[in-house]
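Reading through the structure tokens given below for one structure.
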Amino acid sequence: MTTNKPLDGRIALVAGATRGAGRAIAVQLGAAGATVYVTGRTTRDSVSEVGRPTETVEESAELVTAAGGAGVAVPTDHLQPEQVRALVERIDSEHGRLDILVNDVWGGNFLLDFDTRMWDVDLDRGLRMLDLGVKSHIITSSIALPLLVREPGGLVVEVTDGTAETNKVFRENFYYDLAKNGPIRMAFILGEELKGVGCTAVAVTPGFLRSEEMLDIFGLTEDNWRDGVAKQKHWALSESPVYVGRGVTALAADPERARWNGQSLDSGRLAKEYGVTDADGSRPDVWGYIMAEQAGRTPQLEDYR
């Protein structure tokens, strides 16, 4: 029997779902029928260091429910093991299982000092990036995986920026490079350990993401985003968060998803593999375009959207 809710009955945890890719992944998992626990530090009563008060964990949960799933907001700082432990114990108590873990915790863009040498970057700022992008993922996996591996078929998605191939180049900041390559390696290592218990781990990256924050940087909205191409040509291949959300959801619903175990995938590849599109019906592939540029070719933007 076919159903338009391929994840009906599945339990998911999206760690870091207040905005951007995390929120979109949570909403798309909900649209596919999943119960989704969404976490983050910004609530309607408290704002994280990122300083974006209008994007809350409660709203993300409401969007999941509106999409057709069941959204559960659990304010959580994933650098605090006791908070993560309480979260996982709650999921266990309420459902006795965890099928999908999405590690999307970040929130470190405000710490970035591009074009600054490692020894000129404030050490506390750099280490905070590693805490946010690496340590938080380690804590969450360490505590959540015993529940996820209770039954075969579980999926871990490490959300990052770039794939193993694209990140062979310098990512412009010592700490950012480490923070974004770390989850790629985590997915590979966890894939090796999880395959023995019938579970899968992958790393997933969006392309040039038109997140709420990025639109603000460009001074644009989702309605007029194309005006930003004059500032940055790659913006022509940017994507809404819906794109990676749909890709991850298709991956989670794939009964053969173990074929991707340990790999790093980008939203463009997922779109081609599973036939999903962005909200406007396009299939942008900015990483493919950038790799073609780096190989010395002269790719055309229109061929990658």
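Each residue takes its place number in the sequence, starting with 1.
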- Query: Would you say the side chains of Asn167 and Arg171 form a donor-acceptor pair under 3.5 Å?
  - Reply: yes

- Item | Polar side-chain atom of Thr160 near backbone of Lys180 as donor-acceptor pair, under 3.5 Å | yes

- Kindly say whether Gly40 contributes a backbone atom to a donor-acceptor pair with the side chain of Thr18 at under 3.5 angstrom? no

- Item | Heavy-atom pair with the smallest gap, counting every atom of Trp225 and Ala236 | CH2-O, 4.0 Å

- Charged N to carboxylate O below 4.0 Å: is that the case for Glu293 and Arg297? no

- Message: I'd like to check the salt bridge (charged side-chain N to carboxylate O under 4.0 Å, His left out) partners of Glu273; sequence neighbours left out, ordered by chain and number.
- Response: Arg259

- Message: Whether Asp266 and Arg269 form a salt bridge (side-chain N of Lys/Arg under 4.0 Å from carboxylate O of Asp/Glu) is what I want to check.
- Response: no

- Is there side-chain contact between Leu215 and Thr221, with at least one heavy-atom pair below 4.5 Å? no

- Rounded to the nearest 0.5 Å, how far does CE of Met186 lie from CG of Asn181? 10.5 Å

- Query: Does the side chain of Ile100 come within less than 4.5 Å of Val102's, by heavy atoms?
  - Reply: yes

- Query: Tyr37: what forms a ring-ring contact (aromatic ring centres under 6.0 Å, His included) with it, not counting sequence neighbours?
  - Reply: His95

- Find the distance between CD1 (Ile11) and OG1 (Thr35) and round it off to the nearest 0.5 Å. 4.0 Å

- Task: Specify the closest pair of heavy atoms between Ser141 and Glu158, including all atoms of both residues, with the distance to one decimal.
- Result: OG-OE2, 3.9 Å

- Query: Under 4.5 Å between any side-chain heavy atoms of Pro241 and Leu209, yes or no?
  - Reply: yes

- Message: For the CG atom of Asp115 and the CG atom of Asp120, what is their distance to the nearest 0.5 Å?
- Response: 12.0 Å

- Query: Would you say the side chain of Glu222 lies within less than 4.5 Å of the side chain of Ser240, judging by non-hydrogen atoms?
  - Reply: yes

- Considering only heavy atoms from C-beta outward, does the side chain of Ile290 approach that of Thr166 to under 4.5 Å? no

- Gln28 side chain to Val248 main-chain N or O, any donor-acceptor pair under 3.5 Å? no

- Note on the structure: Tightest non-hydrogen contact, residues Gly207 and Trp287, listed as CA-NE1, 3.6 Å

- Give, for atom OG1 of Thr140 and atom CG of Leu145, the distance between the pair rounded to the nearest 0.5 Å. 9.5 Å

- Task: Could you tell me whether the side chain of Glu89 reaches within less than 4.5 Å of the side chain of Leu147, counting heavy atoms only?
- Result: no

- Query: Is there a side chain to side chain contact (heavy atoms under 4.5 Å, CB included) between Leu148 and Cys199 once you walk through the steps?
  - Reply: CA-CA 8 Å; Leu148 183 132; Cys199 298; 4.0 Å; yes

- Message: Tell me whether His78 contacts the main-chain N or O of Val84 through its side chain, where contact means a donor paired with an acceptor under 3.5 Å.
- Response: no

- Message: Looking at Arg85 and Asp92, is there a salt bridge between them, counting it only when a charged N and a carboxylate O are closer than 4.0 Å?
- Response: no

- Check whether any side-chain heavy atom of Leu13 lies under 4.5 Å from a side-chain heavy atom of Leu87, and answer yes or no. yes

- Message: Assess whether a salt bridge exists between Arg23 and Asp104, defined as any Lys/Arg side-chain N lying under 4.0 Å from an Asp/Glu carboxylate O.
- Response: no

- Would you call Glu172-Arg117 a salt bridge at under 4.0 Å N-O? no

- Task: Report the C-alpha separation of Met214 and Ile217 in whole Å, then their side-chain angles, then the decisive distance to 0.1 Å, and conclude whether the side chain to side chain contact (heavy atoms under 4.5 Å, CB included) test is met.
- Result: CA-CA 5 Å; Met214 189 58 67; Ile217 290 171; 4.3 Å; yes

- Does a salt bridge link Glu239 with Arg246, judged by any charged N lying under 4.0 Å from a carboxylate O? no

- Query: Thr65 side chain to Gly71 main-chain N or O, any donor-acceptor pair under 3.5 Å?
  - Reply: yes

- Message: Please give me the minimum heavy-atom distance between Ser264 and Thr163, naming the atom from each residue.
- Response: OG-CB, 3.5 Å

- Task: Determine, for Glu213 against Arg19, whether the closest basic-nitrogen to carboxylate-oxygen distance falls under 4.0 angstrom.
- Result: no

- Which one of Phe208, Tyr304, Trp235 satisfies the ring-ring contact (aromatic ring centres under 6.0 Å, His included) criterion with Tyr289? Tyr304

- By salt bridge (charged side-chain N to carboxylate O under 4.0 Å, His left out), Arg52 pairs with (sequence neighbours left out) Glu55, Asp216

- Query: Does Arg283 reach the main-chain N or O of Gly275 with its side chain, forming a donor-acceptor pair under 3.5 Å?
  - Reply: yes

- For His234, does its backbone N or O pair with a side-chain atom of Ser238 as donor and acceptor, under 3.5 Å? no

- Shortest non-hydrogen pair, Ser211 vs Gly20, comes out as CB-CA, 4.3 Å

- Message: Assess whether a salt bridge exists between Glu49 and Arg128, defined as any Lys/Arg side-chain N lying under 4.0 Å from an Asp/Glu carboxylate O.
- Response: yes

- Message: Using the rule given for side chain to side chain contact (heavy atoms under 4.5 Å, CB included), can you reason through Leu29 versus Val64, listing the C-alpha separation, both sets of side-chain angles and the distance that settles it, and then say yes or no?
- Response: CA-CA 8 Å; Leu29 290 172; Val64 170; over 6 Å; no

- Task: List the atom of Pro75, the atom of Val57, and the distance in Å for their closest heavy-atom pair.
- Result: CG-CG1, 4.0 Å

- Chi angles and distances behind the side chain to side chain contact (heavy atoms under 4.5 Å, CB included) call for Trp106, Met129: CA-CA 8 Å; Trp106 172 229; Met129 272 196 278; 3.8 Å; yes

- Query: Say you draw a straight line from CD of Gln294 to NZ of Lys168; how long is it, rounded to the nearest 0.5 Å?
  - Reply: 11.0 Å

- Does Asp177 use its side chain to pair, donor to acceptor, with the backbone of Phe174 at less than 3.5 Å? no

- Are Val74 and Ile143 connected in the hydrophobic side-chain network, where two residues link if heavy atoms are under 4.5 Å apart? yes

- Message: Please report the interatomic distance CG(Leu132) to CG(Leu127), rounded to the nearest 0.5 Å.
- Response: 11.0 Å

- Backbone of Asp227 reached by a side-chain donor or acceptor of Asn224 within 3.5 Å: no

- Message: Tell me if a side-chain donor or acceptor on Thr249 pairs with a main-chain N or O of Gly245 at a distance below 3.5 Å.
- Response: yes

- Task: Give a yes-or-no answer on whether the side chains of Asp280 and Ser282 include a donor-acceptor pair shorter than 3.5 Å.
- Result: yes

- Query: Are Ile184 and Val202 grouped together when hydrophobic residues (ILVMFWY) are joined by side-chain heavy atoms under 4.5 angstrom apart?
  - Reply: no

- Message: So that I can tick it off, tell me whether Asp113 and Arg125 are bridged by a salt bridge, with the cut-off set at under 4.0 angstrom between side-chain N and carboxylate O.
- Response: yes

- Tyr176, Phe110: one ILVMFWY side-chain cluster at the under-4.5 Å cut-off? yes

- Message: Do Tyr175 and Leu112 sit in one hydrophobic cluster, given that two such residues count as connected whenever their side-chain heavy atoms are within less than 4.5 Å of each other, even indirectly?
- Response: yes

- Item | Within one Ile-Leu-Val-Met-Phe-Trp-Tyr cluster: Val121 and Leu111, side-chain cutoff 4.5 Å | yes

- Residue pair Asn103 / Pro183, side-chain heavy-atom distance below 4.5 Å: no

